A.B. asks: 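One structure follows; several queries about it will come next.
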2 protein chains.
Amino acid sequence: MGHRENPRPGGRSARVQAAVHQSVREMLSKMDRADVTIPLIAQRANVTPSTIYRRWGDLQELLADVAASRLQPEGEPARIGSAREDLEAWVEQYADEMASGVGRQMLRDVLATIDGANAEKCSGYTQQQLCVLIARARENGEPFPSLGELMDHLISPIIYRILFDQAFDAGYARELVARVMRKSNA
Amino acid sequence: MGHRENPRPGGRSARVQAAVHQSVREMLSKMDRADVTIPLIAQRANVTPSTIYRRWGDLQELLADVAASRLQPEGEPARIGSAREDLEAWVEQYADEMASGVGRQMLRDVLATIDGANAEKCSGYTQQQLCVLIARARENGEPFPSLGELMDHLISPIIYRILFDQAFDAGYARELVARVMRKSNA
DNA sequence: TTCACTAACGCAAATTATTTGCTTTTGTGC
DNA sequence: GCACAAAAGCAAATAATTTGCGTTAGTGAA
């Protein structure tokens, strides 16, 4: 039986997963990443290392799993006013979160695993959020970029800069929004 | 003295680096990635494991180092005809290379390390190539997108798709070129 | 409720990887 | 050639990972 996707809530499997995830989050916030090892995580979570090895395989996959679950958005994008304003506010928060030290590291963890399941999941979260904004714009009859345009010309440049460059300022995100809106309205 | 940047050519340090890099490349092409370990690499390269540990730290950093050096372009973009044609040809090759199994893995290796030096280096390679194309366009008086536009609206979407999605077809790159050229000419 | 069944866990021994102190080699500048 | 320093080799100590086997806990049927 797959344990990763649907551990029955309240079961032993779910308890172990929760304990391990929490242990990882605590350690990542308190210690240097190089000092986070599976035996230590296991100790804090009150499980044996072999349990973690059997369930996740290695540290990278465990970190990717934790990172993916942390990258899941809490709720829907805030309602500010127009769809464009909602988008601007959402992008600012998204960019800040991803560009922070923790965010960068989560991105890297998610991308480091061999199978792209976690990465795909994260991209899916982003697309869901954008779809909500698109739906709102449609309800209001506001012109709005398509999901493809938003992913290609707003999300992609932000993530690329975060991953490959060091430089990333807040105003840049606003500029991208302006550009993608302008283009969509033309 | 820093050994990573300027090992004097022909020195012992350079020989070890070459042997280790070659050993890694061979193993990555022949075996499953999970079976590539530092002791094995060391054995093939005729060095002791401790040499690798001291120089690179861990497997991730070594793989990132090797990947970064493999991502360095061989020469200048080919001259086909107009700057736009040159760009189209270059992007096609770039996208194919990055989207291949080996390319994806190299990207992930480069991004996995904590300090972004290798990632920055790779982005720098890409920008150098694009600058050559931009310079050619300027010489010919052809209209052409700026480096920023090319990075944001051509390179970023390609890399994002490769990293986060599975789907990536060749025609998509051409479409992006058309879009970024259209925009630049407007 | 009980009972049989199975997935997941704990434990501990065996294996493998990593770290480290010390010695030796090799290339560089005098 | 000689002295110096950086990097490599070696081997012992430590730490992480794998694995076989016994145990526990949740699940579903009677």
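As the structure is a prediction and not an experimental result, all values here were calculated from the model. Throughout, protein chains are lettered first and strands after them, A, B, ... in sequence-line order, and every chain is numbered starting at 1.
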A.B. asks: Taking atom C1' of dA7(C) as reference, at what distance in whole Å does atom CZ of R54(A) sit?
C.D. replies: 12 Å
A.B. asks: Counting only heavy atoms not in Q43(A), do more than 12 fall under 6.0 Å of its CD?
C.D. replies: no
A.B. asks: What I want to find out is whether R84(B) reaches E142(B) closely enough, with some N-O distance under 4.0 Å, to be called a salt bridge.
C.D. replies: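 Result for this pair is no, no salt bridge flagged.
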A.B. asks: Separation of L62(A) atom CG from dT17(D) atom P, in whole Å?
C.D. replies: 11 Å
A.B. asks: Does a nitrogen or oxygen in the side chain of R15(A) sit under 4.0 Å from OP1 or OP2 of dG26(D)?
C.D. replies: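 Yes, within the criterion.
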A.B. asks: From CD1 of I41(A) over to C1' of dC9(C), roughly how many Å is that when rounded to an integer?
C.D. replies: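 Interatomic distance, CD1 of I41(A) to C1' of dC9(C): 17 Å.
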A.B. asks: What integer distance in Å separates I52(B):CD1 from dA7(D):P?
C.D. replies: 16 Å
A.B. asks: Can you measure L40(B) atom CG to dT15(C) atom P for me and round it to whole angstrom units?
C.D. replies: 17 Å
A.B. asks: Select from P49(B) and G11(B) the residue whose nearest nucleotide in DNA chain C is closer to the 5' end of that strand.
C.D. replies: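 Checking each residue's closest nucleotide, the 5'-ward one belongs to P49(B).
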A.B. asks: Measure CG/D58(B) against P/dT17(D) and give the value in whole Å, please.
C.D. replies: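 Going from CG in D58(B) over to P in dT17(D) covers 12 Å.
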A.B. asks: Other residues, nucleotides and ligands only: do more than 12 of their heavy atoms fall within 6.0 Å of CZ on R138(A)?
C.D. replies: no
A.B. asks: Output yes when at least one side-chain N/O atom of S13(B) is less than 4.0 Å from OP1 or OP2 of dA7(D), else no.
C.D. replies: no
A.B. asks: For N46(A) and dG10(C), give me the distance from atom CG to atom P, rounded to whole Å.
C.D. replies: 9 Å
A.B. asks: Hey, which sits more toward the 5' end of DNA chain D by its nearest nucleotide, S50(A) or P39(A)?
C.D. replies: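 Its nearest nucleotide being more 5', the pick is P39(A).
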A.B. asks: Main chain of I162(B), side chain of R104(B): is a donor-acceptor contact present, judged purely on distance under 3.5 Å?
C.D. replies: yes
A.B. asks: Should we count CD of Q93(B) as having more than 12 external heavy atoms under 6.0 Å?
C.D. replies: no
A.B. asks: dA8(D), OP1 or OP2 - any side-chain N/O from T48(B) closer than 4.0 Å?
C.D. replies: no
A.B. asks: Would one find a side-chain N or O of R12(A) under 4.0 angstrom from OP1 or OP2 of dC9(C)?
C.D. replies: no
A.B. asks: Could you tell me whether T37(B) contacts a base, only the sugar-phosphate backbone, or nothing, with contacts defined as non-hydrogen atoms closer than 4.0 Å?
C.D. replies: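 Contact class for T37(B): sugar-phosphate only.
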A.B. asks: dA15(D) P sits how many Å from Y53(A) OH, rounded?
C.D. replies: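 Rounded to whole Å, this separation is 13 Å.
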